[in-house]
Amino acid sequence: MDRYNPQEIEKRWQGIWEEEGLFRVEERKDRKKYYLLEMFPYPSGRIHMGHVRNYSIGDVLARFMRMRGYNVLHPMGWDAFGLPAENAAIEHGVHPARWTYENIAYMKEQLRRMGFSYDWSREITTCNEDYYRWGQWFFIKLYEKGLAYRKLSVVNWCERCQTVLANEQVEDGRCWRCGEEVGYRELPQWFFRITAYAEELLEGCERLRGAWPEKVLTMQRNWIGRSEGAEVFFPVEGREVKITVFTTRPDTLYGATFMALSPEHPLVPDLVESPYKRDLPSILESYRKAARAREVEYEKEGFFTGSYAVNPLTGERIPIYVANFVLMEYGTGAIMCVPAHDQRDFEFAKRYGLPLRVVIQPEGGELTPATMEEAYEGDGRVVNSGPFSGLQNREAMKRIIRYMEEKGIGKGAVSYRLRDWGISRQRYWGTPIPIIYCDGCGTVPVPEDQLPVILPKDVEFRPGGSPLTQERGFYETTCPRCGKGARRETDTMDTFVDSSWYFLRYTSPHEEKGPFRKDAVEYWMPVDQYIGGIEHAVLHLLYARFFTKALRDIGLIDVDEPFARLLTQGMVCKEIIRCPEDGYLLPDEVDGDRCRRCGRRVEKGPVEKMSKSKKNIVDPDEMIERYGADTTRLFTLFAAPPERDLEWSDEGIEGAYRFLNRVWRLVMDSLPLIEGVSPFRGGRLDGDLKEIRYRVHLTIKRVTEDVGERFHFNTAISAVMELVNALYQWDKGRDDLSRSVLREAVETVILLLHPFVPHITEELWKRIGNTPPLLEREWPAYDEEALRRERVLVVVQVNGRVRSRIEVPADATEEEVREAALSDEKVKGWIEGKGIRKVVYVPKRLINIVAG
RNA sequence: GCCCGGGUGGCGGAACAGGUAGACGCAGGGGACUUAAAAUCCCCUGGGAGUUUCUCCCGUGAGGGUUCGAUCCCCUCCCCGGGCACCA
C-alpha cells in the first residue's frame, strides 16, 4: 500500500482542476446563486498565515455551497495600487509596476498551491488600466452628482508617506500604514461626500444586525457618531452677524453664561479686540498645535475676544471666548457654554472665573454654584428657566426646540462625527484623478471618451514629492472645453476607492463598455458572504457601503448594501521568544530554553499576532512543503473557530497531518472490502451495522449544520474525527451487508471532508473507484430513519443532581420513564424517606425528581 | 470614562433553545507490535476523598439572585482583548 504523499497528490489535482476549468462560473438564471468573497490582498510579495486562514475559511464555504447545488461565484484579485510599491521604487530602483506584477505572479502561485477554488478567469488587478479607468469614470459621475468636490482644508499629513490621510486612516495620531506621527497641512483636496449618507449608513447598521458582527456595527456607529440636539443662532452684540452653535442640551440654554469659539472659527479674527489682536496668530498656532498633537489631556485655555453674544432666548448678553478645546471639525465650531451642566465648560469657567448658573436640579438634590465641584450632567427638573421652569428636562428640551423654531432663533438639529472622505493622495502609484484645471474654465472633468487618464510609466522616482508633479508630459494638457493650455490634476486617489467597488467588477470583469454589466450585477449582487479581517471594520467596509449607495443613486446598480453577511476572522498568533541579550528569536535560534548566540535563558510567551519584527511568523510555503496544503488548511480551520484568534502550534499541525494519514489508511485498508461494492442506501439494519450507520448519519447532520449554519469548522472537523475513530474501532464483517455499510461510511468521510481538504479527498474518491471531481458530487443528506433510536439514555437527577442513568425505549411515555427512574436502586437510596414533591421530565434526555 | 467582545482541565477548544460540563485535538502516562527505536494501533488522563468492578464531595474569573436544574438568564464586582474618547 502506498503512503499518503501530499506533494504528489496536490500538484496533480491542481493541474486537473485547472485543465478542466472546474472553478469557472457563469450566470445561470436557472440556479440559485451564491456570491462568496474574501477581501483581496495587497500584493506585498508573499502570502502570510492571515491570508491562508482567511482564504481557507472562504474555500470551505465555496466548496460546501457548490456541493449543495449553488452556482458559486468565488473570485480573487489584487488591491494593487499603494505605497509599498512606490517606496520600493525609491529605495531599490524597481518600477512599481514591475514590483507589483512580480509579486502578484508569486502570490498567485502560492494561492494556487493551496488549492483554493477561485475562478481565475475573473481575476482583477486594480492597477490595470482596464480597471482604474472605471474608477475615474465613477469619480466623474460622483462629481456630476455633487458627491465629489474640492476644497482647501487642513488635512492629516504623513511625512514618511509624503501624502495626506483620511480621518479613518489615522490611528492614535499615527499613520495607519507606517506608524509615523501625523502632522497637518493646508491643501486643496478632493472629497467624497460620504456625510450625505451618514443617516442611511447608520440605519443600515440596524438592518445588518445579526448578519454582521455586532462589534463591527458598533465601531461603524461610533464612527458615524450621530447626536441629536439643536442649533441656536446667537446674534453678536453691535454687529450684523449671528453665531450658530450646536448643542445636545437645549434644555440648559438658560444656564449658558458664555460662548466659546474654536481657534479656527472664521469669525475669530473679526471678533477679537485688542489687546489680543496683535498676538492672535501666535496664540492660535499654539492652540492648534496642542489640540492636534492629541496629547491625552491638555489644559483648557482661552481668552476673551472682547465681544458679546446675545442669548436669543433670554436676551442676556454673554462674553464670547476663544477656547482651545472647541473643535472646528465638529458641529459648527462654536458652542454655548453651560458650566453648571457640562464638565468641560465647568473646567474652563473655573479657570477664568466665569459664573455658573444651575438650571437643572437632580432628583432630591439641591445644587448651588458656590459648592459645586463638578458639573451635573444628568437629568432632573428645570429651574431658573423662565416659562420652562418646573418641567422635566427631557420635556423642556422638546419645548425649547419648538419655541425656538416658532421664533426663528434656533431649530432641532442632528450632528455627525463623520467627516467627508478625503481621497487625494500626493503619490504616483494610484488612480489618477480625472480633472483638468483651466484658467478660463476652472475645474473641468476629463470627458468620458478621453478616459482613462493613463498613469505614465516612464517617470523618475526620487524621495519627496510625487513624480507626476515633475512630469510635464503628464500635467501639461489642453482644456477639453476651450482647447487652451491647462494643467492636469497630479494627485491620485486613495487606494480605498479601488476596493470600494471591486466586488461589482468581479460580476463581469471583462466588460469594456462600462464598469460592469448591469444584468451580471443584478444576478450576483449582493455578496452573500464576505470574509476578512476586523482591521477594515471602519475603513474599507464603510467606504464600500457608501460607494454602493452612491452608485445606486446615480442609477448604476440596484442594491443598498454590498455585503449581506460578514465574517471577520481572528488574527493568527504565535508565542514569541525573547532573549534578554539578543531580543526576539526564531525557533531555530533557540536550543532547549537557551539562546544559541549568547547562551542565556530565553523567555517564552506571550502569544502575539504574527509579525516579522517579532520573529514569530510561520511561512505558508514551508508548511505546504513539509505537510502539504491540505494539512495546512485543516490545521487553521480546526485550531479555533473563525472569528477567534488562532494560536499557531507546531504540535497542532502535526496532529492535523496525523489525522489525514489516519483517514488515508482507513480508506486504503478498507479498499479490499469495499471495491466494487455499492454503498448502503437504506433499509433495515441491526447491531453494530445499525450503530455505525447511525453514527455516519449523525455526522452528516452535524457537519452540515456546523458548516452551513454556524461556520463552526472546528466542531465539524471534530465530528468527522469521531466518525473516523469509530470506524477504526469497528470490527468489520466481510459479508455483503457490512461491506456496503462500510462503503457508505467511507464515502461519507471523504465527501464531508472535501471542502476542508480537497486534494486528499479527491484522490481517495478516485481510488475507491468513483469518478471525480468531488466538487460536482452532491453533498450527502442524512437519513432520518438511520438517526432514529430504539432506546435512549435518560439522565436521572434527584434535586437537580445527577444520580443515575437509565436506558428506556425511545417512545416511552413520561409515566414509564418515571416508573423506571423511581425503581432504580441508586435513585431509591437518594429519595428514601422523602416525599416526592415534583417530577420534571425532558423527553429523551432527563428526568429530575424533586424530593424532600 | 463610555461602548463592544471574552474569562471553562497542563494547553487549543466543545457543550447549538436553561437539561450528563470538559466532545475533538495537543501534551502527558500505560499497554500492544518491534531485537530496538520511530511510526502505527488500543487504553487512561479536571481536582480531592473513600469502604476503589464502585461511590461521594468540589469545580466553568469572584460574590449574590432567579429556577426542579445555571458555563448559559439577572444584579454587583475583578481581570484580559479591542474600539471610541475635550464630538458640545
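So you know, we letter chains A, B, ... as the sequences are listed, proteins then strands, and number each from 1.
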In whole Å, I'd like the distance from the [atom1] atom of [X] to the [atom2] atom of [N].
X: A:Ile534; N: B:rC84; atom1: CD1; atom2: C1'; result: 14 Å
X: A:Met721; N: B:rG12; atom1: CE; atom2: C1'; result: 12 Å
X: A:Leu539; N: B:rG83; atom1: CG; atom2: P; result: 12 Å
X: A:Trp223; N: B:rC4; atom1: CH2; atom2: C1'; result: 17 Å

Watson-Crick or G-U wobble mate for [N], both contacts under 3.5 Å:
N: B:rU40; result: B:rA32
N: B:rU60; result: none
N: B:rG25; result: B:rC11
N: B:rC2; result: B:rG83

Report yes or no: is the cationic atom of A:Arg789 (NZ for Lys, CZ for Arg) closer than 6.0 Å to the six-membered ring centre of A:Tyr694, at no more than 45° off its axis?
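Yes, a cation-pi geometry.
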Identify whether any heavy atom of [X] sits under 4.0 Å from a base atom; if not, whether one sits that close to sugar-phosphate; answer base, sugar-phosphate or nothing.
X: A:Leu793; answer: base
X: A:Asp645; answer: sugar-phosphate
X: A:Asn725; answer: sugar-phosphate

Note: A:Lys828-A:Glu825 ion pair, threshold 4.0 Å (strictly below)
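Looking at A:Lys828 and A:Glu825, the cut-off is met.
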Nearest to the side chain of [X] - [options]?
X: A:Ser718; options: B:rG19, B:rA88, B:rC24; value: B:rC24
X: A:Val795; options: B:rU20, B:rU40, B:rG13; value: B:rU20
X: A:Asn848; options: B:rG83, B:rG12, B:rG19; value: B:rG19
X: A:Val802; options: B:rA21, B:rC3, B:rC26; value: B:rA21

Check whether any side-chain N or O of [X] sits under 4.0 Å from OP1 or OP2 of [N], and answer yes or no.
X: A:Asn799; N: B:rG69; answer: no
X: A:Ser649; N: B:rC11; answer: no
X: A:Arg662; N: B:rC24; answer: no
X: A:Tyr728; N: B:rC42; answer: no
X: A:Arg665; N: B:rC41; answer: yes
X: A:Arg710; N: B:rA15; answer: yes
X: A:Arg801; N: B:rC58; answer: yes
X: A:Lys300; N: B:rC86; answer: no
X: A:Gln797; N: B:rG19; answer: no

B:rA49: syn or anti, with syn meaning chi within 90° of zero?
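Because its glycosidic torsion lies more than 90° from 0, B:rA49 adopts the anti conformation.
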Determine if the base of B:rG9 is syn or anti; take syn to mean the glycosidic torsion is within 90° of 0.
syn
Quick one: are the ring centres of A:Phe258 and A:Phe348 less than 6.0 Å apart?
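Aromatic pair counts; centres sit under 6.0 Å.
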Taking only the C1' atom of each, what is the distance from B:rA70 to B:rA15 in whole angstrom?
13 Å
Do A:Asn661 and A:Arg3 get their side chains close enough for a donor-acceptor pair, meaning under 3.5 Å?
no
